[in-house]
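We count ligands from 1, going down the list as the structure has it; atoms in each ligand are counted the same way.
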Amino acid sequence: MKQQPAIHKSSEDLFARAVELMPGGVNSPVRAFRGVGGTPRFIRSAQGPTITDVDGRTYIDYVGSWGPMILGHADAEVVRALQEATENGTSFGAPNELEVELAEEIIDAVPSIEMVRMVSSGTEATMSAIRLARGVTGRSKLIKFEGCYHGHGDSLLVKAGSGVATLGLPDSPGVPRPLAEETITVPFNNADQLREVFSAHADIAAVIIEPVVGNMGCVPPLPGYLEAVREITKTNGALLIFDEVMTGFRVARGGAQELYGITPDITTLGKIIGGGLPVGAYGGTKELMNSIAPAGPVYQAGTLSGNPLSMTAGLITLRRLRDQSIYEQLERASAKLCDGVAYAAREAEVSTVTNRVGSMWTTFFTDEPVVNWDSANNADRARYGKFFHAMLDQGVYLAPSQFEAAFVSAAHTDEAIEKTIEAARKAFVSL
Ligand SMILES: *Cc1c(COP(=O)(O)O)cnc(C)c1O
């Protein structure tokens with residue numbers, strides 16, 4: 001990729017300063033490159049499908065801020081709208097029109113959402129959704145799936161995939177045992193085990209699931225699995241929470257629930273709906289959502305919730321995603337990329353399994369199908385680390401962990417995809 005003169009200190013220098021100032025030198029763990037080794041790149045700017053680091057190197061980016069940047073970085077229309085919005089004030093702590101418009105946009109797109117509450121992160125959305133489920137059912141237990149990540153809320157940091165798994169921590173100190181005990185984990189893609197848990201426990205408030213998992217790498221649901229999860233929860237009077245923070249507006253405009261035709265009780269959103277600014281949301285039927293304060297007794301609030309900047313970036317992004325051809329283009333580009341990468345691996349006789357749903361994908365260094373956490377965890381992380389660095393050296397920025405999904409954006413041109421496949425070919429050979 002094109003070289004630019006470094007105008008700041010190097011990533012190396014900045015990281016040396018950062019580790020003295022911030023835990024691990026970062027504000028979110030996976031960024032520290034511990035899953036792949038080496039020094040994290042400090043990013044100076046981003047444009048379209050690329051990011052540029054302070055050392056002046058530009059990379060084709062498949063992290064996309066971990067999902068939000070579906071239109072590509074610094075989209076001209078989003079940037080212009082944000083500049084205008086900023087001039088009108090950045091936060092009011094009072095209702096504004098943009099909140100109404102973004103709520104309308106979300107409700108129009110996501111089949112199960114009739115009413116929505118904005119928050120400021122995906123973590124806040126899932127924590128609040130669980131409180132709502134417990135509040136309306138009067139039950140306390142929660143079921144989650146091994147390897148699914150739902151943010152860092154106490155009840156959810158049990159077998160939580162991605163960042164936690166990368167560090168090799170099964171769990172986190174600081175989560176009170178009685179609270180962790182309220183969370184039951186079962187393997188993803190196994191309906192029988194879910195049924196067994198329900199026959200052993202009567203007080204299950206909710207099941208929370210990533211309908212397409214992104215946080216142990218991309219792991220799609222097996223045919224019929226989500227249908228079974230829906231049926232089991234309904235039969236047992238537990239609410240089904242689809243955590244679509246990653247999949248919402250990503251795998252389809254209406255998220256995984258549209259793609260698979262399943263209606264959850266509560267849906268959590270984040271990432272894309274903020275267009276690159278901090279945001280989250282949770283929604284469901286009017287009846288359920290009217291249980292939330294001030295309409296109902298379940299309390300939840302936020303100083304910066306619905307702030308005009310996040311609402312603006314989200315609104316512009318979601319309006320653009322009304323154009324179905326964007327999803328068709330993402331599908332084409334992503335299929336070409338994943339087919340190309342898989343072919344390159346076979347040519348080089350490197351065992352890989354590439355999972356993909358729409359523009360979300362992961363290449364696992366393994367030779368068995370990856371359908372749950374156990375099979376994901378069998379992947380060869382050391383090999384992934386070598387592959388990651390071989391790609392980075394050639395100007396391709398993948399997720400710095402085997403257990404993360406990669407994302408294609410609408411700004412990834414054919415040329416970018418072809419360059420990536422060519423880089424992968426060389427990287428596999430170098431292994
Ligand atoms: C990213 C993510 C979250 C957490 O969102 P934050 O904005 O990082 O708090 C929750 N659930 C899923 C499925 C995610 O991918």
Polar proximity ligand 1 side, Thr126 side, N/O cut 3.5 Å exclusive: no
Nearest-0.5 Å distance that lies between atom OG in Ser28 and atom NE2 in His152: 8.0 Å
Salt bridge present between Arg322 and Glu105 (N-O < 4.0 angstrom): yes
Per-atom contacts of ligand 1 with Ser121, taking only distances under 4.0 Å to non-hydrogen atoms: 7 (O), 9 (O)
Those atoms of ligand 1 less than 4.0 Å from some heavy atom in Tyr149: 11 (N), 12 (C), 13 (C)
Residue pair Thr52 / Gln47, side-chain heavy-atom distance below 4.5 Å: no
Element-labelled atoms of ligand 1 that are located less than 4.0 Å from some non-hydrogen atom of Gly122: 4 (C), 5 (O), 6 (P), 7 (O), 9 (O)
Heavy-atom nearest neighbour in the protein, as seen from atom 1 (C) of ligand 1, with distance rounded to 0.1 Å: Lys271 NZ, 1.6 Å
Identity and separation of the nearest protein heavy atom to atom 4 (C) of ligand 1: Thr123 N, 3.7 Å
Atom indices of ligand 1 within 4.0 angstrom of Met246 heavy atoms, with elements: 15 (O)
From OG (Ser401) to CZ (Arg381), nearest 0.5 Å: 8.0 Å
Which of the ligand 1 atoms, numbered from 1, are nearer than 4.0 Å to a heavy atom of Glu210: 13 (C)
Within-cutoff protein neighbour (heavy atom, under 4.0 Å) for atom 11 (N) of ligand 1: yes
Ring centres under 6.0 angstrom apart (Phe387, Phe365): yes
Side-chain donor or acceptor of Glu20 paired with backbone N/O of Arg17 under 3.5 Å: no
Min N/O separation Val245 to ligand 1 under 3.5 Å: no
Close N or O approach (Asp243, ligand 1; < 3.5 Å): yes
Min heavy-atom dist Glu244 to ligand 1 below 4.0 Å: no
Aromatic ring proximity Phe188/Tyr225, centre distance under 6.0 Å: yes
NZ/NE/NH1/NH2 to OD/OE distance under 4.0 Å, Asp265 and Arg230: yes
Distance, nearest 0.5 Å, that separates CD1 of Ile113 from CD of Glu244: 8.0 Å
Backbone or side-chain N or O of Asn215 under 3.5 Å from ligand 1 N or O: yes
